[in-house]
Amino acid sequence: STIGDSKTSGRERPSSSPSPISKPLSLIFVPCRAESREQRRSFRERPPQSRSPFLSATSEPDKEAGSGMSATTNRRQKDITKLMMKDYKVEMETDDSKKFFVYLHGPKESLYEGGVWKLRVELPDEYPFKSPSIYFVNNIFHPNVDDESGELCVNVFHEDWSPMIDLLSVFENYITQFLLTPNPLNPLNEEAAELMITDHSAYEQKVKEHCQKYAKPADVGVSGDKKLSKEESDRNDEH
């Protein structure tokens, strides 16, 4: 089915899709809504929040309306903790765990190997029954990433979303596969798509140039290995 024609498809109701474990991992690339890209166009220029950026895996969960931890808050905390236990660097933007950054290392044996990207994650109030919004903060040359907003669009964030999918699966499986299998036939970055089709060698060179220019580990404040450096790990443990 075609999505994108309706602003509500797949984001106003829980998906009836089966658990991702029970079906092959597949990526369907979909166009981002123009107004969504426009709203997020200036995100990369936003100043960071002046607060402690790290969430500890043992952080006290927030309370809602004095009635204890809600199911959605518990799920948010659980998903973030699972990311941290897999050594992803997580940097909070807000105290309610709804907006934060995750640092992603390029897949090994891919054009993006050696690069590190800072991805902004927004969890809606209805998460996990509504999908997260995720987009790149530092630039990446990829046919299916909007060059200005950094938004990536695949069907898992739309019709194929299921509450059974957690954030660890999003990063370990879907986004990794997204980087490994770009689709130039449904592009958000037309320059990257055209170059991939007409001159693949030049496309590969430009991907690597962007990695060197925008995604060096030192530029985003992480070590070159996927595992956190001892300094980063100790700093997470302190907060």
Query raised in the report: Who pairs with Tyr112 by side-chain hydrogen bond (donor to acceptor under 3.5 Å, both in side chains), at least two apart in sequence or on another chain?
Result: none
Quick check: do [X] and [Y] have side-chain heavy atoms less than 4.5 Å from each other?
X	Y	answer
Pro143	Asn183	no
Tyr135	Val121	no
Asn189	Phe141	yes
Ile197	Pro184	yes
Phe171	Thr176	no
Lys82	Asp166	yes
Phe157	Glu151	no

[atom2] on [Y] to [atom1] on [X], rounded to 0.5 Å:
X	Y	atom1	atom2	result
Asn173	Leu168	CG	CG	7.5 Å
Thr81	Lys86	OG1	NZ	14.5 Å
Trp117	Leu152	CH2	CG	13.0 Å
Asp160	Ser131	CG	OG	10.5 Å
Asp96	Gln77	CG	CD	10.0 Å
Ile140	Tyr214	CD1	OH	12.5 Å

Query raised in the report: Any side chain to side chain donor-acceptor pair (under 3.5 Å) pairs touching residues 191-203, not counting sequence neighbours?
Result: Glu191-Lys206, His200-Glu204
Report summary line: The complete set of salt bridge (charged side-chain N to carboxylate O under 4.0 Å, His left out) pairs with one or both residues in residues 178-190, sequence neighbours excluded, reads none
Report task. With sequence neighbours left out, write down each residue that passes side chain to side chain contact (heavy atoms under 4.5 Å, CB included) with Tyr127, or none if nothing qualifies. Result -> Arg75, Arg76, Asp79, Leu123, Pro124, Pro132, Trp161, Leu167
Query raised in the report: For Leu83 and Val102, what are the C-alpha separation, side-chain angles and deciding distance, and is it a side chain to side chain contact (heavy atoms under 4.5 Å, CB included)?
Result: CA-CA 9 Å; Leu83 283 171; Val102 177; 4.0 Å; yes
Quick check: does any side chain N or O of [X] sit under 3.5 Å from a backbone N or O of [Y], one acting as donor and the other as acceptor?
X	Y	value
His142	Phe178	yes
Asn144	Asn186	yes
Ser169	Tyr174	no
Lys89	Gly221	yes

Any idea which heavy atoms bring [X] and [Y] closest together, and the distance?
X	Y	value
Leu111	Val207	CB-CG1, 3.6 Å
Val220	Tyr103	O-CE2, 3.3 Å
Leu179	Pro107	CD1-CD, 3.7 Å

Query raised in the report: Is Glu126 atom CD crowded by more than 12 heavy atoms from other residues, nucleotides or ligands, each under 6.0 Å away?
Result: yes
Report summary line: side-chain contact (heavy atoms from CB on, under 4.5 Å) test vs Ile175 passes for just one of Val156, Leu180, Val170, namely Val170
Query raised in the report: Can the positive tip of Lys118 be found less than 6.0 Å from the middle of the six-membered ring of Phe101, inside 45° of the ring normal?
Result: yes
Query raised in the report: If you measure from the Lys or Arg side-chain nitrogens to the Asp or Glu carboxylate oxygens, is any gap between Lys98 and Glu122 under 4.0 Å?
Result: no
Query - Sequence-distant partners of Asp219, salt bridge (charged side-chain N to carboxylate O under 4.0 Å, His left out), two or more places apart - result: none
